[in-house]
Protein chains: 2
Amino acid sequence: MLRLSTKGQYGVRAMFEIAKGYPSRPTTIKEISERQEVSVAYLEQILNTLRRAGIISSVKGPGGGYLLNRPPKEISIGSILKELEGPVAITSCLDPKEGCSRVDGCVTYLLWSSLGEKIEAFLNTITLDDLLKEEATLKQTRTARSNKIRTGRKTTAVQTKNKGKGALDAAEVR
Amino acid sequence: MLRLSTKGQYGVRAMFEIAKGYPSRPTTIKEISERQEVSVAYLEQILNTLRRAGIISSVKGPGGGYLLNRPPKEISIGSILKELEGPVAITSCLDPKEGCSRVDGCVTYLLWSSLGEKIEAFLNTITLDDLLKEEATLKQTRTARSNKIRTGRKTTAVQTKNKGKGALDAAEVR
DNA sequence: TAAATAGTTTAGTGATTTTGTCAAGTATTA
DNA sequence: TAATACTTGACAAAATCACTAAACTATTTA
């Protein structure tokens, strides 16, 4: 339940690839396609939306590609998903485009709006920068994994590194 | 994005109606259908699932209907949704039935699993009892509304009443 | 014991959304 | 000016959703 569409997922992963080139190296659709295993045609659609939303810019011609308009730290996952999928609306009664006549007397209205707000708050907290840090620790883990059993829990080293708030560190996940 | 299916929504609303009859008065599908504006046939499907899951019982014959198997306080919204829609799986890679080969190296995996855990934790906190209390305060609000402008924020009276943890009170929602 | 009440079970189906592909075109730069 | 890259819009297969239909089974009360 509460499945996120592939469009949103691919969008976040594409933005992550573009963030890797920040601040100056443009990332091409082809690169993103290969690294994230998403078709070029579909990515064009997705990145087009994000460009029109002002989150990224495109540079044409050889050596061209996509660039972040702001630093990774200032681009939240929530802002990406909002452009690709619209605002979080757990139920149709919470969708600005739909609404519901029963709202006033409905006991579940508050429940869903409350959940939606929690989700949005979380997604607005996590940024592309957190994903970049996450990638770094993943690489560490991969090289150090041979003589360790993975617990699903992050290592102590990670907690030390991502000491800031908002990061996807162990304390937040477990 | 992240839309909950009507099946889950109707299920929660149906359970709320059944909870109103707790502990002894059985609620018929017809009653639920009329009060919650959901078709009888669709409710049959939904309640059947919940009955098989052991959350409710059915009593056949005249005077029959559906009953909660446990007190409203012990039935969480999360437990209802889990039966109707399966576990929270924001992405297919988190679905036990699907999985993903890229998991180990995927920077977004932790992000989605973390979000899913937060959602589940929230839904497991809210119970049918909270909805019953919510209904009571809604009734209060409705009668007291004539000389007040609704702000979308709950009144102070509500905050005082639902002082326990886990309730859908103002502090949790805003 | 029969009639009324109420729940059970299994299929099926139209509408909508998702998840893309395809093709032709436009823009930029080495 | 060739190579590279982005743009746009149409289109369609596949999946899911949101139910409906119909025949059935079980229980209780008159």
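By convention in this document, chain letters (A, B, ...) are assigned in the order of the sequence lines, proteins followed by strands, and residues within each chain are numbered from 1.
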Is any side-chain N or O of [X] closer than 4.0 Å to OP1 or OP2 of [N]?
{"X": "B/Y66", "N": "C/dA6", "answer": "no"}
{"X": "B/T28", "N": "C/dG7", "answer": "no"}
{"X": "A/T6", "N": "C/dT19", "answer": "yes"}
{"X": "B/R52", "N": "C/dG7", "answer": "no"}
{"X": "B/R51", "N": "C/dT8", "answer": "yes"}

Separation of [N] [atom2] from [X] [atom1] (nearest whole Å):
{"X": "A/E85", "N": "C/dG20", "atom1": "CD", "atom2": "P", "result": "13 Å"}
{"X": "A/L4", "N": "C/dT18", "atom1": "CG", "atom2": "P", "result": "11 Å"}
{"X": "A/Q9", "N": "C/dT18", "atom1": "CD", "atom2": "P", "result": "13 Å"}
{"X": "B/Y42", "N": "C/dT8", "atom1": "OH", "atom2": "P", "result": "18 Å"}
{"X": "A/N48", "N": "C/dG20", "atom1": "CG", "atom2": "P", "result": "18 Å"}
{"X": "B/I56", "N": "C/dG7", "atom1": "CD1", "atom2": "C1'", "result": "11 Å"}
{"X": "B/I46", "N": "C/dG7", "atom1": "CD1", "atom2": "P", "result": "14 Å"}
{"X": "B/L2", "N": "C/dT17", "atom1": "CG", "atom2": "C1'", "result": "15 Å"}

A side-chain contact here means heavy atoms from C-beta on lying under 4.5 Å apart; do [X] and [Y] qualify?
{"X": "B/T108", "Y": "A/Q9", "value": "no"}
{"X": "A/E74", "Y": "A/T127", "value": "no"}
{"X": "A/T6", "Y": "A/Y42", "value": "yes"}

Task: Where B/A14 and B/L43 come nearest, the two heavy atoms and their spacing - done: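 In terms of heavy atoms, the two residues are closest at CB-CD2, 4.0 Å.
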- [ ] Might you point out which heavy atoms bring B/W112 and B/I90 nearest each other, and give the distance in Å?
- [x]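 Heavy atoms of B/W112 and B/I90 come nearest at O-CG1, 3.8 Å.
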Open item on the list: Please identify the 5'-most and 3'-most nucleotides of DNA chain D with any atom under 4.0 angstrom from a heavy atom of chain B.
Closed with: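 It runs D/dA18 to D/dT28.
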- [ ] Nearest-nucleotide wise, let me know which of A/V38 and A/E44 is further upstream toward the 5' end of DNA chain C.
- [x]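 Looking at the nearest nucleotide for each, A/V38 comes out on the 5' side.
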TODO: Specify the residue among A/G65 and A/A41 whose closest nucleotide of DNA chain D lies further upstream toward the 5′ end.
DONE: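 Result of the comparison: A/G65.
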Open item on the list: Looking at B/R25 and B/E31, is there a salt bridge between them, counting it only when a charged N and a carboxylate O are closer than 4.0 Å?
Closed with: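 So B/E31 pairs with B/R25 through a salt bridge.
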- [ ] State which of C/dT19, C/dG7, C/dT21 makes the closest approach to the side chain of A/S39.
- [x]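 Selected nucleotide (nearest to the side chain): C/dT21.
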Task: A/P62, nearest nucleotide to its side chain (from C/dT29, C/dA6, C/dG20) - done: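 For the A/P62 side chain, the nearest candidate turns out to be C/dT29.
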- [ ] Enter the distance from A/E17:CD to A/I29:CD1 here, rounded to the nearest 0.5 Å.
- [x]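 It is 13.0 Å, given to the nearest 0.5 Å.
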TODO: To the nearest 0.5 angstrom, please state how far the CD1 atom of A/I56 sits from the CG atom of A/L67.
DONE: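 That separation rounds to 9.0 Å.
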Open item on the list: Within the 4.0 Å heavy-atom criterion, would you say B/R3 contacts the bases, only the backbone, or no part of the nucleic acid?
Closed with: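 Contact class for B/R3: none.
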Task: Under 3.5 Å donor-acceptor pair, A/Q45 side-chain atoms to C/dT21 base atoms - done: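 Between C/dT21 and A/Q45, which were checked side chain against base, a qualifying N/O pair under 3.5 Å is present.
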